[in-house]
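Here the structure is laid out as C-alpha cells; the discussion comes afterwards.
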Amino acid sequence: MIKLTETTLDTIRRIASELRPAALELGLVQGLEWQVLQFEHRSGIPVQLECIVEEVDLDNGQATASSASCRKR
C-alpha cells in the first residue's frame with residue numbers, strides 16, 4: 001500500500017509540474033529551458049532552444065498558456 005501511495009504522489013507531482021512548471025516562477029525563458037531539459041531526459045532527443053530575449057514580461061496566466069503552447073508543438 002505504501003508503494004502505491006508513493007507512486008501515486010509521484011504521478012501527481014509530475015502532472016502538476018507539466019501543467020505549470022515551477023520554473024515559470026523564474027520567468028518564461030527559464031520555464032521553457034526547463035521543459036526542453038525534461039523532454040531531452042524523457043525522450044533522449046537532443047533539443048536546442050534559442051531565445052532572442054532574456055526576459056519576457058507576462059502575467060502568470062499568459063506564461064502558463066505560452067508554456068503549454070510550446071509543449072504542444
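When the side chain to side chain contact (heavy atoms under 4.5 Å, CB included) test is applied to Glu6, the partners found at least two apart in sequence or on another chain are Ile2, Lys3. For Val36, the side chain to side chain contact (heavy atoms under 4.5 Å, CB included) partners are Glu40, Val47, Leu49, not counting sequence neighbours. Taking the salt bridge (charged side-chain N to carboxylate O under 4.0 Å, His left out) definition, one finds that Asp10 meets it with Arg13, sequence neighbours left out. For Gln48, the side-chain hydrogen bond (donor to acceptor under 3.5 Å, both in side chains) partners at least two apart in sequence or on another chain are Glu50.
Put simply, CG on Leu9 and CG on Leu4 are 9.5 Å apart, with the number rounded to the nearest 0.5 Å. The CD atom of Gln30 sits 9.0 Å away from atom CD of Glu54, with the distance rounded to the nearest 0.5 Å.
Connection of Met1 to Ile12 is not established within any shared hydrophobic cluster, with ILVMFWY side chains joined at heavy-atom distances below 4.5 Å, either directly or through further cluster members.
The number of heavy atoms from other shown groups lying within 6.0 Å of CG (Asp59) is above 12.
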